[in-house]
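For reference, the structure discussed in these notes is given below.
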Amino acid sequence: MLSLAPRSSSWDGLAAKELDQNSWQQLIRNEIPAVVIRGFATPDECSRLVERAQVIGFETYKNVVPPIDRIGATVFEHNGSDVSAYFGRAEQCRAIQGEIFSQSFSPLDRLMSRLRQATGSPVQIAADPAHGTYCAGLIRRIENGTLLHIDYAPAEQPGWWVAQIEAQLAWNLYLELDPENPGKTYVYNRAWTPEDDIYKLPGTYGYSRPVVEGAEKYTLQPTMGDVYIFSTRNFHEVDSSAGHRTTVTSAIGTLPDGRIVLWS
């Protein structure tokens with residue numbers, strides 16, 4: 001069941017707030033554009049993750065233009081297919097993820113710990129009782145930009161266990177950035193509703209620009225070693241970057257019972 005779109009009155013400023021219990025609730029209510037955890041990882045921790053990821057190698061998302069590279073499994077790439085195929089791949093990807101994280105630290109575990117501390121809520125990897133545990137924590141490279149889009153399971157994966165979430169957000173830990181042009185993210189104060197699908201670009205995951213006409217825009221300037229979290233029910237897009245733009249990322253969802261779950 002789709003939850004009501006969050007309020008779309010003006011944000012309380014166009015800057016990310018430090019993560020705490022108050023800013024988390026503001027983000028869930030769409031009163032602010034983003035929260036940030038500064039100094040989440042050291043330069044050495046970031047570089048060791050990048051080095052190991054490069055040894056293992058990235059794969060390209062299926063049927064996505066411009067191309068995006070990733071290590072991990074995504075529900076997006078299994079839209080419309082048998083969910084069991086995703087869960088089979090998720091198990092393999094967790095093993096690869098463990099190998100990468102063992103060379104440095106687990107951004108996933110650290111992020112979940114920080115969320116528990118800040119929110120006071122239970123935080124866990126999403127798990128479907130019928131199929132198993134989701135994969136959470138892609139290592140991803142978006143270097144050629146993205147289309148204007150949303151990420152919202154109730155709209156895009158309605159038959160999946162994660163479709164029961166209310167708010168959906170994403171976290172990104174920036175491991176590697178070009179210092180001159182790191183590839184900004186633009187988040188619009190415009191939450192998706194079913195009526196917006198008239199703006200969907202046929203054969204793609206993207207939407208045409210009139211869907212965000214007149215909406216406030218927050219510019220996220222990524223900074224290495226920091227985590228930014230924003231609502232992905234809001235329309236958003238990423239600029240191309242001048243060099244490598246490597247992140248660890250996953251979806252975050254809030255459940256009606258108060259739990260917070262992560263998946264990719």
Side-chain angles (χ1 to χ4, degrees), residues 1-40 111 114-115 117-121 142 145-156 165-174 177 181-201 205-223 226-241 247 249-256 258 260 262:
M1 180 178 178
L2 291 173
S3 63
L4 293 175
R7 65 192 281 282
S8 58
S9 55
S10 294
W11 280 322
D12 181 16
L14 289 175
K17 292 190 177 182
E18 291 283 346
L19 174 66
D20 58 26
Q21 191 166 35
N22 183 54
S23 65
W24 176 257
Q25 290 301 323
Q26 288 181 299
L27 185 64
I28 296 300
R29 295 191 298 263
N30 198 40
E31 295 172 359
I32 59 174
V35 299
V36 60
I37 310 173
R38 301 192 192 281
F40 183 88
L111 188 279
R114 295 294 291 271
L115 285 176
Q117 292 169 17
T119 67
S121 299
I142 297 178
T146 69
L147 302 178
L148 179 66
H149 69 288
I150 59 157
D151 301 286
Y152 187 53
E156 298 176 290
I165 58 96
E166 295 179 330
Q168 183 169 331
L169 311 103
W171 67 283
N172 282 275
L173 165 62
Y174 296 94
L177 294 168
N181 179 9
K184 297 174 183 175
T185 297
Y186 302 104
V187 184
Y188 296 87
N189 190 359
R190 177 74 163 77
W192 174 89
T193 64
E195 293 75 26
D196 293 328
D197 281 350
I198 63 170
Y199 298 104
K200 195 83 187 288
L201 296 171
Y205 67 93
Y207 289 75
S208 61
R209 304 216 66 81
V211 75
V212 294
E213 185 174 348
E216 276 182 297
K217 181 171 75 171
Y218 163 65
T219 301
L220 191 166
Q221 174 88 23
T223 43
D226 296 342
V227 164
Y228 283 84
I229 305 173
F230 64 91
S231 170
T232 56
R233 185 173 179 173
N234 281 336
F235 287 91
H236 57 283
E237 59 190 331
V238 180
D239 258 351
S240 58
S241 63
T247 69
T249 183
S250 82
I252 304 172
T254 61
L255 290 170
I260 296 171
L262 285 76

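Hydrogens, waters and symmetry mates are skipped; everything else that's a heavy atom, side chains included, is used. Sequential numbering from 1 along the given sequence is applied to the chain's residues.
- When Ile165, Leu115, Thr232 are each tested for a side chain to side chain contact (heavy atoms under 4.5 Å, CB included) with Ile252, only one passes: Leu115.
- At least one side-chain heavy atom of Leu169 sits under 4.5 Å from a side-chain heavy atom of Leu27.
- Contact check for Ser10 versus Glu216: side-chain heavy atoms found under the 4.5 Å cut-off.
- A donor-acceptor pair is defined here as one N or O able to donate and one able to accept, closer than 3.5 Å; such a pair exists between the side chain of Thr119 and the backbone of Ser121.
- Judged purely by atom type and a 3.5 angstrom limit, Arg190 uses its side chain to pair as donor or acceptor with the backbone of Val211.
- Atom-to-atom distance recorded for Gln221:CD and Asp226:CG is 11.5 Å, nearest 0.5 angstrom.
- Relative ring orientation between Tyr174 and Tyr228 is described as perpendicular, the plane-to-plane angle rising above 60° on a 0-90° scale split at 30° and 60°.
- Using modelled atom types, one finds no donor on one side chain facing an acceptor on the other under 3.5 Å when comparing Asn181 with Ser241.
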*Apply the test side-chain hydrogen bond (donor to acceptor under 3.5 Å, both in side chains) to residues Ser250 and Trp171: give CA-CA distance (whole Å), side-chain angles for both, the deciding distance (0.1 Å), then the verdict.*
CA-CA 6 Å; Ser250 82; Trp171 67 283; 2.6 Å; yes
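- Panel note: side chain Gln168, backbone Ser231; no donor-acceptor pair is recorded below 3.5 Å.
- In this model, a donor atom of one side chain and an acceptor atom of the other lie less than 3.5 Å apart for Glu237 and Tyr188.
- Contact annotation: the side chain of Ile150 never approaches that of Asp196 to less than 4.5 Å [non-hydrogen atoms, C-beta and beyond].
- Ring centers of Tyr186 and Tyr218: at least 6.0 Å apart, outside the cut-off.
- When ring centroids are compared, Phe230 and His236 come within the 6.0 Å threshold.
- Side-chain atoms of Asn234 and Asn189 include no donor-acceptor pair closer than 3.5 Å.
- Asp20 contributes a side-chain N or O that, together with a main-chain N or O of Ser23, makes up a donor-acceptor pair within less than 3.5 Å.
- Of the possible donor and acceptor atoms, one in the side chain of Thr146 sits under 3.5 Å from a partner among the backbone N and O of Val238.
- A distance of 12.0 Å separates OH in Tyr207 from OH in Tyr199, rounded to the nearest 0.5 Å.
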